[in-house]
A.B. asks: 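Encoded as structure tokens, here's the structure I'll be asking about.
In this chain, residues are counted from 1 in sequence order. Whatever order the structure lists them in is the order used to number ligands and atoms, beginning at 1.
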Amino acid sequence: MHKIIFLDVDGVLNCQRTWQGEHEDGFATLCPDMCDRLQRVVQETDAIVVLSSTWRLFEGKGLTKLRAWLAERGITIHSHTKDLSMEIGWGNVRACRGDEIALWLEEHASEFPPLEREFVILDDDSDMLPSQKPNFVHTSFKDGLTEAHAKKAIRLLNEND
Ligand SMILES: [Mg+2]
């Protein structure tokens with residue numbers, strides 16, 4: 001089974017408590033505890049990480065920092081979702097993050113066939129598609145990625161092994 005984590009950053013790898021404002025590179029601090037939790041999810045599931053956060057749109061310092069923090073934990077970013085924020089999505093409304101994730105899954109269906117993959121979405125926003133609800137681990141900006149979220153992500157990714 002292929003395992004895929006769609007990763008948001010703000011509100012997942014940092015939170016209100018550890019927020020220290022934006023640095024001169026325009027990106028907020030990451031929280032080591034939360035990055036460690038992500039590392040555990042990756043280690044226990046052998047999942048790949050696909051970036052769905054807006055951080056993906058800013059090549060350079062912020063993304064370089066994120067890659068370095070993840071690399072320290074043995075995690076590489078496989079790819080990222082496409083930006084559909086200017087597109088019209090399902091039901092004639094502005095495309096949401098769920099549409100971007102759905103498109104990634106569709107475009108990677110030969111590499112990761114629907115019946116041979118599990119995925120989770122780690123995000124503090126809630127603009128996912130109804131069909132993605134069972135795959136959604138909804139974090140909060142207040143607390144970021146907690147132990148309970150990490151456990152849930154591991155359970156969802158490994159449930160059909
Ligand atoms: Mg967020």
A.B. asks: May I ask you to decide whether Glu147 forms a salt bridge with Arg40, counting only side-chain N to carboxylate O separations under 4.0 Å?
C.D. replies: yes
A.B. asks: Do the side chain of His80 and the main chain of Val50 share a donor and acceptor less than 3.5 angstrom apart?
C.D. replies: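 Looks like no, no N/O pair under 3.5 Å.
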A.B. asks: Decide whether Trp104 and Ser52 meet the rule of one side-chain donor and one side-chain acceptor closer than 3.5 Å.
C.D. replies: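 Looking only at side-chain atoms, Ser52 and Trp104 do not form any donor-acceptor pair under 3.5 Å.
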A.B. asks: Just to be sure I understand the site: which N, O or S atoms from the protein are less than 2.8 Å away from the Mg ion (ligand 1)?
C.D. replies: Asp8 OD2, Asp10 O, Asp124 OD1
A.B. asks: Counting heavy atoms not belonging to Asp46, are there more than 12 under 6.0 Å from its CG?
C.D. replies: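 No, CG of Asp46 has 12 or fewer neighbouring heavy atoms, counting only those of other groups under 6.0 Å.
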A.B. asks: Test Phe6 against Asn135 for side chain to side chain contact (heavy atoms under 4.5 Å, CB included), laying out the working first.
C.D. replies: CA-CA 10 Å; Phe6 290 96; Asn135 311 86; over 6 Å; no
A.B. asks: In the structure I gave you, are the side-chain heavy atoms of Arg117 and Leu105 within less than 4.5 Å of one another anywhere?
C.D. replies: yes
